[in-house]
Number of protein chains: 2
Amino acid sequence: MAKAEQSDGTVGKALNVLDQVAGFGHPVRFRELLASSDYPKATLYRLLQTLVQQRMLTFDAERQTYSPGVRLVRLAHHAWQQSSLAPVARPYLDALSRSIGETVHLAQLDHSQVLYVDKRNANVPVEMFSQAGKVGPVYCTGVGKAMLAWSRIDDQTRIIEQQSFHRFTDNTLTSRRALRAELDIICSRGFAFDNEEHEPGIICVALPILSEGGRVLGGLSVTSTTARHSLDSLAALVPQLKTTVGQISEDAENWLFPEQSKTHA
Amino acid sequence: MAKAEQSDGTVGKALNVLDQVAGFGHPVRFRELLASSDYPKATLYRLLQTLVQQRMLTFDAERQTYSPGVRLVRLAHHAWQQSSLAPVARPYLDALSRSIGETVHLAQLDHSQVLYVDKRNANVPVEMFSQAGKVGPVYCTGVGKAMLAWSRIDDQTRIIEQQSFHRFTDNTLTSRRALRAELDIICSRGFAFDNEEHEPGIICVALPILSEGGRVLGGLSVTSTTARHSLDSLAALVPQLKTTVGQISEDAENWLFPEQSKTHA
DNA sequence: AAATTAAGTTTCACATAGTGGAACAAATTT
DNA sequence: AAATTTGTTCCACTATGTGAAACTTAATTT
């Protein structure tokens with residue numbers, strides 16, 4: 001019983017394969033997939049066929065490669081619209097971005113990772129999906145730590161357990177102990193910083209977006225560079241962020257927001 | 001044998017259910033799903049459970065409703081990035097949009113429908129996913145007709161067969177005959193119009209994006225209103241569109257583009 | 001060009017995984 | 001409190017998926 005992963009039934013296997021293909025980040029051949037797959041040849045082959053037939057994967061007959069299929073884009077549109085904070089938050093993000101003029105991120109938790117669901121960039125027009133749908137680590141991003149700090153204790157424990165604590169920079173927190181201490185500080189301070197913990201020269205302030213009941217709905221952050229801002233000058237933006245967060249959570253409350261599905265155990 | 005739909009195996013069924021939930025456009029209860037489902041109670045119930053467990057669906061325990069899950073957003077990011085024209089086309093769309101100042105759409109074909117994969121809106125900042133991931137009809141949109149006109153004959157036939165020909169406006173083409181005639185005109189003219197066929201007051205010009213081999217990769221359109229433009233003044237933009245389309249298809253060629261998976265027979 | 005190796009596809013005896021009618025439980029309505 | 005509707009579980013049955021091995025096709029090597 002080496003693997004206690006989630007893997008229920010054929011559907012689970014198929015979705016694993018889908019993730020695997022998506023994870024490669026480029027069109028991938030059968031051989032490559034097989035090498036990094038737990039499933040035997042014939043099984044993997046059949047799963048791929050099924051996914052292609054279902055248009056969840058695209059198969060390039062010439063190059064014999066698999067890529068994630070466009071059907072996903074369509075499904076995701078619905079998901080984004082119905083199950084993310086983005087549609088509700090949009091006008092407030094616009095306003096905040098206009099007023100602050102720095103990059104603004106809206107994120108949610110997905111499976112122990114930070115999932116960015118929207119973004120405003122003062123300069124460049126916008127980057128669409130290229131940013132929405134991206135994932136990042138929880139333990140070394142502002143939104144990640146902010147959301148984690150206010151999560152229910154059991155979720156928090158589980159998520160902390162699943163972090164890799166890879167050292168991206170000199171400032172990256174690289175132990176559960178250090179992260180827990182940081183979360184305490186964040187809680188009492190009321191917001192989180194990212195002090196060049198993920199990328200050198202990049203800093204940010206982040207607040208959690210909470211429901212009335214105190215449940216974590218998402219996170220909101222303003223990102224800048226050490227050239228333009230200090231942590232203190234970012235902290236000065238917190239009141240504005242507070243306002244935006246308040247507006248979003250109030251609207252979300254009315255929009256009858258679906259509960260994050262609880263993972264078993 | 002009323003339904004000759006695609007429905008292979010458990011995975012197919014699960015994905016059908018996923019589509020069904022997404023299609024509702026709002027959180028939906030078991031009862032509602034059951035009413036419009038082909039599957040028996042217990043089966044549907046199990047499929048839903050599996051999808052929730054896999055985080056493809058989100059279940060709101062309080063309201064007892066299902067919605068598409070955020071995991072889809074993450075997967076779609078990969079799909080959009082790898083299997084759509086959007087990343088390649090981005091800089092050219094930016095340039096075109098800046099130069100023309102009207103709404104620009106980038107679309108691809110997905111399962112007999114138009115799937116919008118990117119968009120530029122001159123005025124409003126941008127609408128993200130709210131547009132990327134949206135689908136539209138083939139027979140009454142500029143991009144749809146443009147892509148269809150240059151499709152391989154067997155694809156064309158199949159797609160025409162699957163259109164609903166719902167009448168949106170007085171100008172909507174409402175028969176296969178009318179559509180085929182229009183496609184001929186489009187081919188000889190070299191580009192397609194949408195002459196208020198989908199929405200009153202909205203017109204557009206569209207060109208297909210073709211690979212070197214002549215395969216349809218996608219479509220590009222400029223949309224405007226009858227207040228600001230006539231078909232003739234839109235036609236004047238075609239040279240610019242031609243340039244953009246050329247740039248995109250050239251880049252796409254190099255980016256080693258995956259083949260649209262062929263549907264069985 | 002023939003031989004060798006590797007990549008991709010198909011087969012088939014086998015059993016796991018999914019099926020769905022029906023009984024049951026919980027929540028709503030009368 | 002009885003009746004009705006909605007959601008969950010059971011379990012005998014079998015359709016679906018399994019995977020080692022055989023086979024075909026393509027790519028390399030001799």
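Below, chains carry the letters A, B, ... as their sequence lines are ordered, and counting in each starts from 1.
Of the listed nucleotides (dT16(D), dG8(C), dG7(D)), dG8(C) has the atom at the smallest distance from the side chain of Arg29(A). Among the nucleotides dG7(D), dG20(C), dT18(D), the one closest to any side-chain atom of Thr43(A) is dT18(D). Here dT10(C) is the nucleotide among dT10(C), dG7(D), dG20(C) with the atom lying nearest to any side-chain atom of Ala42(A). Picking from dT8(D), dG20(C), dG17(D) the nucleotide with the shortest atom distance to the side chain of Pro40(B) gives dG20(C).
Of the residues Leu183(B), Thr141(B), Val143(B), Asp155(B), the one that meets the side chain to side chain contact (heavy atoms under 4.5 Å, CB included) test with Leu148(B) is Leu183(B).
Atom P of nucleotide dT18(D) and atom CG of Leu48(A) are separated by 12 Å, given to the nearest angstrom. With rounding to whole Å, Arg46(A) atom CZ is found 16 Å from dA21(D) atom P. Spacing between atom NZ of Lys41(B) and atom C1' of dA22(C) amounts to 10 Å, rounded to whole angstrom units. Between Leu34(A) atom CG and dG19(D) atom C1' there is a gap of 12 Å when expressed in whole angstrom units. dT28(C) atom P lies 13 Å from atom CZ of Arg63(B), rounded to whole Å. To the nearest angstrom, P of dA17(C) lies 16 Å from NZ of Lys13(B). Between Tyr45(B) atom OH and dT5(D) atom P there is a gap of 21 Å when expressed in whole angstrom units. Rounding to whole angstrom units, CZ of residue Arg31(B) and C1' of dT4(D) are separated by 13 Å.
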Does the salt bridge (charged side-chain N to carboxylate O under 4.0 Å, His left out) test come out yes or no for Arg71(A) and Asp19(B), once each step is laid out? CA-CA 10 Å; Arg71(A) 180 181 181 184; Asp19(B) 266 344; 2.5 Å; yes

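Between Glu32(A) and Val11(A), the residue anchored closer to the 5' end of DNA chain C is Glu32(A), taking for each the nucleotide with the nearest heavy atom.
Ring geometry for Tyr45(B) versus Phe30(B): interplanar angle over 60°, hence perpendicular rather than tilted (30 to 60°). The aromatic rings of Phe168(A) and His198(A) stand perpendicular to each other, their planes meeting at an angle above 60°, with 30° marking the opposite boundary.
Leu33(B) and Gln20(B) make their closest contact through O-NE2, 3.3 Å (heavy atoms, listed as atom of the first residue, atom of the second, distance).
Phosphate contact (OP1/OP2 of dG18(C), side-chain N/O of Thr10(A), threshold under 4.0 Å): present.
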